[in-house]
Every structure is written in structure tokens, then in C-alpha cells.
Amino acid sequence: MTRPGRLRRPAAVSVAAVRIDVLMQTAVEMSNALLDGLNPQQREAVLYRGQALLIVAGAGSGKTSVLTRRIAGLLETREAYPSQILAITFTNKAAAEMRERVRALVGNVAEGMWISTFHSACVRILRREAEQFGYSRNFTIYDSGDSRALLKRIIKDREADVLGFTVSSTANKISKLKNELADVESYARTVNHGDPSDSMFLEIFRDYSRALSSANAFDFDDLIAQTVYLFRAFPHIAAMYQKRFRHILVDEYQDTNHAQYALIRELTKEPAERDPGLISAVDGASLTVVGDSDQSIYAFRGADIRNIVEFERDFTGAKVILLEQNYRSTQNILTAANSVIANNFDRKDKKLWTSVGDGDKIVGYTGYSGHDEAQFVADEIQTLHEKGMAYKDIAVFYRTNSQTRALEEIFIRSALPYRIVGGTKFYERAEIKDVMAYLIAVANPADTLAVRRILNTPKRGIGPATETQLANFAEKNQMSFRDSLRFAGELGLGPKVTRAISELSNLLDEASVLAEPPAEGDAASDGVPEVLGLLISRSGYLDALRRSQDPQDEARAENVEELLSVTKEYQRNNPTGTLIDFLTEVSLVAAADELDDSSGTVSLMTLHTAKGLEYDAVFLTGIEEDLLPHRMSAGEPGGPAEERRLFYVGITRARKRLFLSLAMTRAQYGDVSVAMPSRYLQEIPGELIDWKQSPGMATSRGGTQPRALNARRDGYGGAYSVPGNRGGSSYGSQGGAQNGAQKPKTEWSNRVTGQMRDNGDLVLAAGDRIRHTDFGDGKVLGVTGEGAKRIAEVQFESAGRKRLLIKVAPLEKLDADGNPVSAASTAHDAAEGDQTDPRVDEFEPS
DNA sequence: TAGTGGATAGTTTTT
DNA sequence: CTATCCACTA
């Protein structure tokens with residue numbers, strides 16, 4: 001498909017003429033394919049043409065649809081070439097989805113568009129222009145872990161810890177400054193030099209910036225800020241991009257920070273007149289932003305809600321379109337969401353509505369403990385699944401990552417397939433970071449942090465003393481730390497150490513030869529996997545893991561091999577991708593990017609990660625004071641309001657079913673504390689919630705009438721205290737099990753990730769009687785599955801029917817008299833000792 | 001230099 | 001509770 005010549009630049013005059021002409025055809029051409037099924041507001045959002053457009057898109061109002069059709073429309077009417085479009089999304093996954101949907105609408109024309117996250121777009125620009133400002137294009141990207149490692153060294157070197165500097169506080173402060181586009185010089189001007197703590201921070205900030213630039217590296221925040229600096233310092237470079245991108249679209253605009261805002265401003269500026277061929281000035285690019293201030297949940301990270309609130313004032317003549325009709329959820333869910341968010345003052349009133357009807361009621365549940373709550377979630381999921389809902393359409397959300405423990409444990413026992421999205425990410429594991437450091441040392445030898453990391457990993461007898469000597473040598477001779485390795489012989493070290501250093505240095509050299517991109521015309525190399533393979537085998541890293549006695553190292557070795565297959569997969573998909581390209585991609589993956597829709601598992605994630613996703617059934621867990629309005633948010637201005645938005649985001653992820661759960665007591669840091677229902681629960685109209693067990697019921701176990709939660713705040717205040725045992729710390733230290741008769745549960749083995757209980761040899765058949773630690777006695781109805789995945793379906797006398805993964809469930813087989821068959825035959829007793837003492841069932845009314 | 005054991009400190013959300 | 005740090009010993 002060739003493009004019409006008439007659209008070609010340079011004369012802007014003629015472009016303007018064409019635009020009108022195109023616009024007239026637009027409505028006609030687009031009405032068929034692209035406007036189908038849109039409501040009037042959506043249609044307007046697709047069709048509007050002007051310099052600035054704000055689409056205020058409530059949750060589930062079809063904004064992705066609008067955005068993709070808007071882009072497709074620009075392409076279809078030939079108002080823009082693909083290369084003139086820049087679309088910014090929040091995650092790579094969203095970017096991929098958007099590209100896919102545009103492709104579905106207009107075909108392969110979509111190829112040349114830039115659809116990416118802020119960070120990827122900036123990396124792309126920075127790599128292209130790096131040489132202009134003292135970096136080289138193979139710079140590496142420091143993730144927050146790398147930044148912290150660097151700061152740790154600096155704080156230690158400066159002995160700043162005695163002044164109360166911690167890594168995390170310093171990292172946060174630097175990040176904040178960078179998000180405000182402050183650099184060392186500008187910050188220095190505002191500093192009170194009389195204050196020792198102030199000037200110390202300045203020194204740290206300066207050291208940190210120097211270290212980054214001498215390592216030829218950027219941290220996350222730099223990627224944005226440095227791009228802005230680049231544009232400001234080099235107007236001709238800015239002009240290039242300003243002329244190139246004619247249409248800029250930004251999704252999730254409410255979560256942009258100041259630096260990102262400034263970047264958008266730079267990109268939409270009228271290009272400075274530089275091009276002699278141009279008769280008159282080119283307009284600034286047209287800007288479309290989509291967002292919802294009610295879903296702003298990243299203020300803690302510098303997101304500035306004013307960017308969207310003041311958009312109209314900011315871009316004069318901006319058009320605002322409001323999308324309120326929701327295509328995702330039932331009315332009950334929306335009413336709950338509306339009533340919660342209405343409690344945030346200073347917001348523009350906006351009410352989501354739908355035409356699909358009320359739907360099911362929201363289900364509420366109050367557990368006695370976090371594990372009870374988790375059991376409720378697992379049971380409900382099982383029921384949903386039996387009624388035909390696929391696991392992949394179900395999600396469980398929580399506020400903090402630590403809440404996954406109880407959920408995971410119960411899910412494993414219940415044989416529920418689940419997946420944790422985010423959390424400790426694959427690429428954050430120590431062994432992966434080690435191996436990545438090898439790759440970085442090859443791709444960017446200036447990155448001293450990476451070189452230091454691998455220097456003695458695996459152990460080669462190079463200790464801190466040797467490392468310091470190398471560093472001194474490097475400094476004295478004005479060379480990089482990497483290069484100092486080449487001169488190991490001149491340091492007068494022992495022969496063993498000298499040889500170890502030289503071998504490492506040679507290995508890196510060899511690898512970098514291998515990493516060279518293939519010469520012009522050569523068949524594509526399979527460079528990245530080859531380089532990685534060489535590094536992990538010759539360095540001895542993989543062997544060291546395999547030889548290790550530590551059982552966890554086996555899993556680590558597997559992870560390293562997994563990374564090797566990741567590189568192979570990467571190279572298959574990107575035959576011309578270089579090592580640096582691979583490293584970039586890895587640095588910029590977000591939690592939600594790991595989601596795989598076809599996985600067939602329940603998804604567990606934090607509320608933050610959940611933004612932008614949707615599921616048929618959603619479980620919001622831990623709706624408690626100090627957890628949902630999180631304790632840490634109380635002090636911050638705007639904190640509680642942001643927490644409410646977080647709750648709102650969670651509610652609006654649900655299509656059909658919404659479950660709200662909480663616990664009366666929650667185990668945290670080893671001891672148990674009392675939890676109160678979240679204030680936000682009362683903001684939902686009582687008639688929308690069907691309490692299976694309300695906070696009122698949960699205290700008075702005997703089964704009184706459900707007490708409406710929403711009735712009165714003080715209604716449950718006093719009822720919440722846990723009987724007995726408020727005495728404090730003696731609790732955990734006594735080893736717990738004998739306290740089992742008391743209500744709050746004692747403790748559970750939290751060994752989910754480590755070795756599990758293992759009933760591997762336990763044979764069960766239909767008709768057998770068993771005793772379960774939590775559910776009491778029951779009868780086996782049937783056994784399905786093979787080997788380690790054998791699942792028993794058990795009818796318990798009082799706890800109902802459950803599915804249990806035999807291998808790991810805390811159960812014993814009983815003989816005809818109701819006694820455990822034999823302690824020895826069930827492996828877990830012998831293996832685990834005190835953790836598995838049978839306890840009184842915490843869930844049962846006693 | 002490596003490995004161990006005891007003490008201690010930190011506990012929100014993440015591109 | 002857990003992860004990390006530090007000091008001490010082999």
C-alpha cells in the first residue's frame with residue numbers, strides 16, 4: 001500500500017489544506033468500521049481533531065477502544081503516517097495490546113508507530129542521542145536494587161549512616177528530586193550549607209550522580225529526566241522529534257509525574273525554526289491524554305494529579321470529553337464504587353453507570369484470621385470454578401505483598417492453580433542479577449557496579465582487600481575498574497588470585513568478541529544465548545550452584561537455565577537484537593507484563609498491579625484499618641484519599657462478581673494483632689453486600705443474626721477485642737500449639753516456599769477416613785490426579801466438602817477406631833516436628 | 001579468604 | 001518473623 005504523495009512534507013501550508021480535505025472525508029470513511037458500536041461520547045473522542053484533547057475515562061468506559069480507534073482513524077484517513085504517532089502506555093503489556101488492536105483494525109500499516117511506555121520511549125531516544133552528551137549508546141539501566149546497592153556503598157564510604165541516613169530514605173529523596181527535574185547543581189543552590197545533614201545529602205547526591213555517569217548508566221528516573229535535559233540543551237534534536245511526532249497520545253495521564261509532564265510539553269512544542277526548506281513554522285503535535293483522577297494511585301512515587309486536573313488551564317483551547325458509561329461491571333459493583341469514591345472531596349463528580357443490570361450482590365466475609373479469610377477465598381473460587389468460571393478469569397487482590405503468605409498456603413493445600421503477579425520478580429533474584437551482571441560487564445565495561453558484583457561470584461578467592469587494591473590501581477592510573485583487571489600481574493598479589501583475575505578478564509574479553517553484532521550481510525547471529533552460555537559455564541557459576549550442598553541452589557541453577565532459555569526465546573523473536581537490546585528489555589519489564597492470559601491460573605496481585613486489568617470475579621482481601629487505609633498513609637497529606645482510590649480501583653476491576661473479605665486478627669511479623677474493619681466498608685450501601693459472615697457475626701460465634709456492618713461505627717468497635725491473651729509477647733515465644741484451645745490461632749509454618757510437608761507416600765482411596773488439622777475428621781469421596789498432584793475430595797463432618805492436594809495437606813489417615821493409622825507412615829510428622837502438631841481447629845465453633 | 005553464628009534492624013504501594 | 005550485617009574462627 002503506497003502512501004499518497006500529496007501528504008509528503010515539506011510545505012506546511014499545503015498540509016493545512018490537506019487536513020481540512022481529509023477531515024471532511026473522515027466522518028464518512030470512519031463511520032463504518034471504526035465507529036461501530038460506540039456511544040456518542042466515545043464517537044466524539046475518536047473523531048475530534050484539535051491541538052489538545054482530554055478524555056476523562058471512568059473505569060471500564062472503553063477507553064482502550066477509543067484510543068485504538070482514534071489511532072486507527074488517523075492512519076486510515078491518511079492524516080498521519082504510522083511513524084508520526086507516539087502512544088504512551090503504562091506497561092509494556094498495555095502497549096502490546098494496543099498495537100495488536102490497532103493492527104486488527106488497519107492491518108500491518110501499524111508497524112512504524114511508537115507505542116511504548118515512557119521509559120522505553122526515552123531509552124530509545126537516549127540511545128540514539130547518547131553521544132551528544134557524554135554517554136555512549138551502550139549505557140546500562142540501573143533498577144532500584146542497583147541504585148540502592150550503589151547508595152549503600154556511598155553512604156558507607158561517607159559514614160553518613162551516623163547522621164541517620166538510610167539507603168531507602170536517600171533513594172526516595174533522590175528519586176523525588178529527579179522527578180521534579182532537579183539535578184545536583186540546581187539542588188545545591190537551595191541547600192542550607194550550615195546544616196550538616198543537608199550538605200551531607202548533597203555530597204551523597206553528587207557522588208551518586210558521578211558514579212552513575214562514570215558507569216555509563218542511568219537509573220529509572222534519569223531515563224525521563226535526562227531526555228528532558230537533552231531536549232532543552234539541544235533544540236535541534238528536540239526539533240527533530242517535535243516534527244516527527246504529529247500525534248501524541250498518553251494513557252493513564254493521572255499517573256504522570258512532573259518530569260513526564262515536562263517531556264510531553266517538550267514534545268508538543270512548536271519546533272524551533274531550523275529547517276531552511278520549511279516555509280513556515282510547523283504546529284506543535286496534537287496531544288490526546290486519557291485518564292481518570294479517581295484512579296490516581298501513584299502519588300507516593302511522584303505522580304502529580306494536577307497534571308490532569310489542570311489540563312484545561314494548561315493547554316488552552318483543550319477539549320474535554322467525559323466517558324461515564326461503563327461496559328465492564330454490573331450496576332451493583334458500580335454503585336458500590338461510586339459511593340466509595342464520592343467520599344473524596346475536591347473531585348469532579350462523575351458517576352459510572354451501565355445498562356447491563358444489577359447483577360449479583362457483593363459477597364462479604366469476615367474471617368477469624370488471615371488463614372480463615374484465605375480459606376473462604378479458596379472455597380469461593382472452587383465454587384465459581386465448579387459453576388464454570390475459568391481460573392484465569394478470577395483474581396485476588398491485596399494491599400501488601402506480605403498478605404500472599406496465607407493465601408498461598410491455603411491455595412497450595414486446596415490444589416488451586418494460582419499465580420502471583422509481581423512480588424519478587426524473576427529478574428530480581430540474586431542468581432539472575434549475578435548472571436545479568438556478567439552480561440552487563442560485557443556490554444558496558446564502564447559499569448563498575450556490575451564488574452564488582454561478579455568479581456568474586458562464584459567464589460574465586462578474590463576478597464575485599466584485593467578489590468580495594470584493584471580500585472586504587474584503577475584510580476591511580478586513570479582507568480576503569482574493568483581495565484584494572486588486565487593488570488593483575490602488576491599488583492604483587494598471590495599467584496592464585498592473580499590467575500583468577502586474569503581468567504575472569506580474559507573471559508569477559510572473549511565474550512565481548514562473541515557479542516559483536518554480525519558483520520553486514522552475515523546471517524543473523526544467535527549472539528545473546530551464546531554469550532550467556534559461555535559466561536555461565538566458563539565462569540564456573542552454574543557448576544558452583546549445581547555442586548552446592550544448599551538445596552535452594554538447585555532451584556537457583558534452574559533459574560539460571562531458565563534465563564538461558566529466555567535469551568534464546570528473545571533471539572528467536574528479535575533476530576537482530578543485540579546484547580544491549582536484551583538488557584534494556586529486561587530492565588523495563590513491569591509486574592503486569594508477566595501476566596499470561598492463557599495461563600489457566602488464578603491471579604494474585606497487589607491493588608497497584610491490578611490497575612488497568614479486569615476479571616470476571618475479583619476478591620479484595622484484607623479490607624481492614626491499617627491495611628487498606630494503610631498505616632503508613634495516615635500521616636501523609638492526601639494519604640487516606642489515595643487509599644480510597646486504591647479501593648475504588650480494586651472494586652472497578654470486577655466484571656460480574658465482587659468479594660470483599662477481611663479478618664479479625666492478622667498475623668504480622670510473628671505475632672498476632674487485632675484488626676478492625678476498614679472505614680471504607682461503611683461507605684458501601686449495606687443492601688449491596690450479602691455478608692456470609694459479617695464483622696458482627698464473627699465475634700459472637702454462636703450464630704446470631706447478621707449484624708449490618710454499615711449500621712453504626714461504634715456498633716462493632718468494642719466487639720472486636722479478642723478473648724484472652726492480650727497480654728502480649730509471651731504468646732509467640734511459647735511455641736503456641738498448646739494454646740490451641742484459644743480463639744486466635746497461634747502460628748503456621750510459613751514454609752510455603754521452602755520445603756513443604758510431604759505426604760508423598762500416603763495412599764488414600766474413596767471411603768477412607770482422615771483427620772485434617774484445620775477441618776477435623778472427614779471421609780474421602782474420591783481421589784483424582786497422578787503422583788504428586790493427587791487430589792482427594794473429602795467430605796468433612798463439619799467443614800463441608802473440600803479438595804485437598806494430598807501431598808501437602810496437613811492430614812492423617814484414620815483407622816476404624818478413629819485413631820491415626822501410624823505416625824511413621826505419614827512422612828510429615830517425622831520431617832517437620834513441632835509445626836505440625838494437631839491443633840484445635842481455629843475455624844470451628846468450639 | 002571463607003564460612004559460620006549471633007545480633008540487629010526493618011517492615012507500602014513500583015515504572 | 002526474616003533478611004542482612006558484622007565479627008570471629010578455621
Side-chain angles (χ1 to χ4, degrees), chain A residues 88-95 116-123 141-145 147-149 152 156 161 166-169 171-172 175 178-179 219-224 252 255-257 259-260 296-303 397-403 405 421-425 428 430 456 458-467 493-494 496-497 500 549-550 587-593 605-612 622 626-636 639 642-643 645-647 649-650 667-672 729 732-733 747-751 753-754:
Chain A
I88 307 272
T89 59
F90 200 65
T91 63
N92 294 302
K93 184 174 181 268
S116 66
T117 61
F118 269 107
H119 296 266
S120 328
C122 287
V123 171
I141 300 164
Y142 278 20
D143 66 19
S144 30
S147 300
R148 298 169 69 96
K152 195 160 138 194
K156 207 167 171 186
D161 42 345
T166 64
V167 172
S168 65
S169 68
N172 283 336
S175 173
K178 289 188 175 184
N179 286 334
D219 67 19
F220 270 138
D221 304 310
D222 281 338
L223 295 177
I224 315 287
E252 308 282 14
D255 286 324
T256 51
N257 61 34
Q260 290 164 333
S296 161
I297 54 173
Y298 283 105
F300 72 93
R301 206 169 69 194
F397 302 153
Y398 37 80
R399 176 68 231 266
T400 67
N401 279 309
S402 62
Q403 290 168 253
R405 297 230 164 109
V421 183
T424 314
K425 279 177 264 165
E428 282 168 9
N456 198 32
K459 301 270 183 285
R460 340 181 138 83
I462 308 175
T466 312
E467 188 182 326
L493 300 159
K496 248 180 79 182
V497 179
Q549 299 299 311
D550 187 340
S587 317
L588 298 178
V589 295
D593 294 337
M605 68 190 85
T606 65
L607 284 163
H608 283 88
T609 306
K611 197 182 70 169
D626 287 352
L627 203 51
L628 193 38
H630 195 275
R631 187 184 296 112
M632 309 289 339
S633 75
E636 287 149 33
E642 175 145 324
E643 298 286 308
R645 289 194 292 268
L646 205 45
F647 188 42
V649 165
Q668 233 179 176
Y669 316 127
D671 54 10
V672 181
S729 58
S733 56
E747 60 194 348
W748 294 70
S749 69
N750 269 335
R751 305 249 165 96
T753 44

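Basis for what follows: all heavy atoms, side chains included, without hydrogens, waters or symmetry-related copies. Computed from a predicted model, the values in this text were never measured in an experiment. Every chain is numbered from 1 and lettered A, B, ... according to where its sequence line falls, protein lines coming before strand lines.
- A centroid separation of less than 6.0 Å is found between the aromatic rings of A/Phe300 and A/His608.
- Within the 4.0 Å cut-off from OP1 or OP2 of B/dT14, at least one side-chain nitrogen or oxygen of A/Thr609 is found.
- Distance A/Asp222 CG to B/dT15 C1': 14 Å, rounded to the nearest Å.
- Residues A/Ser120 and A/Ser116 approach most closely at CB-CB, 4.0 Å, considering heavy atoms.
- Of the P atoms belonging to C/dT4 and B/dT13, the separation is 15 Å, rounded to the nearest Å.
- The shortest heavy-atom contact between A/Asp219 and A/Asp222 is OD1-N, 2.7 Å.
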*Using the ring-ring contact (aromatic ring centres under 6.0 Å, His included) rule, take A/Phe397 and A/Phe647 through it: C-alpha gap first, then chi angles, then the decisive distance, then the call.*
CA-CA 10 Å; A/Phe397 302 153; A/Phe647 188 42; over 10 Å; no

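- Donor-acceptor pairing under 3.5 Å is recorded for the side chains of A/Thr166 and A/Ser169.
- A stacking contact links A/Phe300 to B/dT13: the aromatic ring centre lies within less than 5.5 Å of the base's six-membered ring centre, and the planes differ by less than 30°.
- Nearest heavy-atom pair, A/Arg399 versus A/Leu627, reported as atom, atom and distance to 0.1 Å: CG-O, 3.0 Å.
- Rounded to a whole Å, the CG atom of A/Asn257 is 17 Å from the P atom of B/dT14.
- One can find a donor-acceptor pair under 3.5 Å joining the base of B/dT13 and the side-chain atoms of A/Arg399.
- In terms of phosphate contacts, A/Lys611 brings no side-chain nitrogen or oxygen within less than 4.0 Å of OP1 or OP2 of B/dT15.
- Between A/Phe220 and A/His119, the two ring planes are perpendicular [angle over 60°; tilted spans 30° to 60°].
- If you check the side chains of A/Ser175 and A/Asp221, you find a donor sitting under 3.5 Å from an acceptor.
- What you find for A/Ser633 and A/Glu643 is that their closest heavy atoms are OG-CG, 3.3 Å.
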All N/O pairs under 3.5 Å across the protein-nucleotides 1-5 of chain B interface:
from	atom 1	to	atom 2	distance (Å)
B/dT1	OP1	A/Thr466	OG1	3.0
B/dA2	OP1	A/Gly461	N	3.0
B/dA2	OP2	A/Asn456	ND2	3.3

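- Atom-to-atom, CZ of A/Arg405 to C1' of C/dT2 comes out at 8 Å; the value is rounded to the nearest Å.
- A/Lys496 comes within contact range of no nucleotide atom at all, as no heavy-atom separation falls under 4.0 Å.
- Across A/Asp255, A/Asn257, A/Thr256, a single residue satisfies side chain to side chain contact (heavy atoms under 4.5 Å, CB included) together with A/Tyr298, and that is A/Asp255.
- Straight-line distance from the CG atom of A/Leu628 to the P atom of B/dT13: 13 Å, rounded to whole Å.
- Across the protein-nucleic acid pair, A/Glu252 atom CD and B/dT14 atom C1' stand 14 Å apart, rounded to whole Å.
- Checking the phosphate oxygens (OP1, OP2) of B/dT14, a side-chain nitrogen or oxygen of A/Thr606 falls inside 4.0 Å.
- Remark: P of B/dT15 and CG of A/Asp255 are 12 Å apart, rounded to the nearest angstrom.
- No hydrogens or angles were tested; on distance alone, nothing pairs the side chain of A/His608 with the base of B/dT14 as donor and acceptor under 3.5 Å.
- An OP1 or OP2 oxygen of B/dT14 is reached within less than 4.0 angstrom by a side-chain nitrogen or oxygen of A/Asn401.
- Following rounding to the nearest Å, A/Glu642 (CD) and B/dT14 (P) show an atom-to-atom distance of 12 Å.
- Relative to the side chain of A/Ser168, the nucleotides B/dT12, B/dT15, B/dT11 differ in distance, and B/dT11 lies closest.
- Rounded to an integer number of Å, the gap from A/Arg645 CZ to B/dT12 P is 20 Å.
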*asked:* What does the 5'-to-3' dot-bracket notation of DNA chain B look like when only Watson-Crick and G-U wobble pairs under 3.5 Å count, and pairs to other strands show as |?
replied: ||||||||||.....

